Amino acid sequence: MRNLSICLIATNLQSRIKLSEILCKHYSSILILSSVEKSILKSNNNKQTIFIIEEELVNNDLLKNLNINKSNLIIIESENEKIRRCSSNKDYLKMEYTEDLIIEIIEIKSSEISVIESDSTISEREKEIIKHVSKGLTNKEIAEKLFLSPHTVMTHRKNISNKLGIKSISGLTVYAILNNITSLEESQI
Amino acid sequence: MIHLNTKVADLIHADVFSLSILERLNIPLGFGDISIAELCDNHNLNKDLFIDILQLFLYGHLPEKSIKTEENIPELVNYLKLTHKYYLEIKIPQIEKLINKIELHETDRQNEINILKKFFEKYKIEFLSHLENEEKIVFPYVIEIFDLQNESELTAETIEKISTYTISDFEKEHENLDEKLNDLKNIIIKYLKPFESREYVHQILISLFELEKDVYEHAQLEDLILVPIVQLIEQKIKAKINK
């Protein structure tokens, strides 16, 4: 269970059911709403929360009044033909996406929020990646092991380097050993 | 700005790390009130090149009126070789000695010191290999090209040799040697739990900062002066061949 705070706001019952099933499997702190509950949202500290909201519900007032940063937002794409978007945009998800892809999108968001908020704590996912990097695995190999795309792995590595100020593999390995993420024997140093 | 009239003493006052430049050129202290021009005369240094090197070291860029002539090539190569010697015989051993001192002093942190030692050993191997590549391939090539530019006749053998390697190949291989140093700095500053022998750790950090800066300036000298001049000579020679 990952320690990540997620808020899902969807009026469509099926979307709510599917997404909440997926989210509850992977994350420990979930808030699920069928409409915009201003009172609830206003009372929470929203800085480290990822918001997954139906496209129709999102407008500037919502974001402004509830102090939701655009960078914390993943939009559930509308069924409406007029506003179909390119599927590779990481700020959007479609209900047809697989569970893996949905989780991947959330993981990237989570990494980016930490960087933007200058939170230099390394997340559990990032620790996993550091561990595999120090074992000498390539991005492709790490992607396969963790069921992510190589692109996601590269994004995580970039975020990790920015947070820690460490770019090289040996440097990350030293960091990993010092922080008990891996041991000298397991690493490639 | 540095001028030929600037006193050497003032140069040191402006940036004490410029001492390392004098060190590798084997120029001792105690030079009184002489100017940079006089220093160059006394030690047989090319004035334009020396000003370029100092300017780059102190301000991070070449002077506006930097004179890049082909004649300076042999002396520049010599300076780069002396810089390698300085790294190998002084800077790297300096850091190694400090790591050893910490190792002797901190008896119950052997694991962590071991890891740092391994990291630095690995870095040293990479570093030495890079220097060796420059000494064995790049510099001899540069000198050869320099000598060839005045030859009226070029042998078939020479022509073939030139066509297989150019200085641009070196430029592409130019690795990021200062990246690992920067990583080590951050590890020591942020993530290493404090050692009792703080003084040694501080000294290592200072040496790392110095080496990183020097390595960066070294690469700049190669990229901003050496490579462009050699490319010009290569073009001249190619034009000659095509005639």
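Given the structure is predicted, the values throughout are model-derived calculations rather than measurements. We name chains A, B, ... by the order of the sequence lines, and we start the count at 1 in each one.
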Asker: Check whether B:Leu184 gets within reach of chain A through its side chain, its backbone, both or neither, counting any heavy atom under 4.5 Å.
Answerer: neither
Asker: Please list, chain by chain and in numerical order, all residues satisfying side-chain contact (heavy atoms from CB on, under 4.5 Å) with B:Ile125, sequence neighbours excluded.
Answerer: none
Asker: Search all heavy atoms of A:Ser15 against all heavy atoms of A:Ala10 and return the closest pair with its distance.
Answerer: CB-CB, 4.5 Å
Asker: With a 4.5 Å cut-off on heavy-atom pairs, point out which of B:Leu116, B:Ile115, B:Leu192 contacts chain A the most.
Answerer: B:Ile115
Asker: Just by distance, which donor-acceptor pairs between chain A and chain B come in under 3.5 Å?
Answerer:
unit_1: A:Leu164; atom_1: O; unit_2: B:Lys190; atom_2: NZ; d: 3.1
unit_1: A:Leu164; atom_1: O; unit_2: B:Tyr191; atom_2: OH; d: 3.1
unit_1: A:Gly165; atom_1: O; unit_2: B:Asn186; atom_2: ND2; d: 2.7
unit_1: A:Lys167; atom_1: N; unit_2: B:Asp183; atom_2: OD1; d: 2.7
unit_1: A:Lys167; atom_1: N; unit_2: B:Asp183; atom_2: OD2; d: 3.1
unit_1: A:Ser168; atom_1: N; unit_2: B:Asp183; atom_2: OD2; d: 2.5
unit_1: A:Ser168; atom_1: OG; unit_2: B:Asp183; atom_2: OD2; d: 2.5

Asker: Could you check whether A:Asp91 pairs with A:Lys109 (Lys NZ or Arg NE/NH1/NH2 to Asp/Glu carboxylate O, under 4.0 Å)?
Answerer: yes
Asker: Using only heavy-atom distances, determine whether the side chains of A:Glu107 and A:Thr152 contain a donor-acceptor pair under 3.5 Å.
Answerer: no
Asker: Please tell me whether A:Glu54 and A:Ser78 have a donor and an acceptor in their side chains that are separated by less than 3.5 angstrom.
Answerer: no
Asker: I'd like to check the side-chain contact (heavy atoms from CB on, under 4.5 Å) partners of B:Leu104; sequence neighbours left out, ordered by chain and number.
Answerer: none
Asker: A:Glu144: what forms a salt bridge (charged side-chain N to carboxylate O under 4.0 Å, His left out) with it, not counting sequence neighbours?
Answerer: A:Lys140
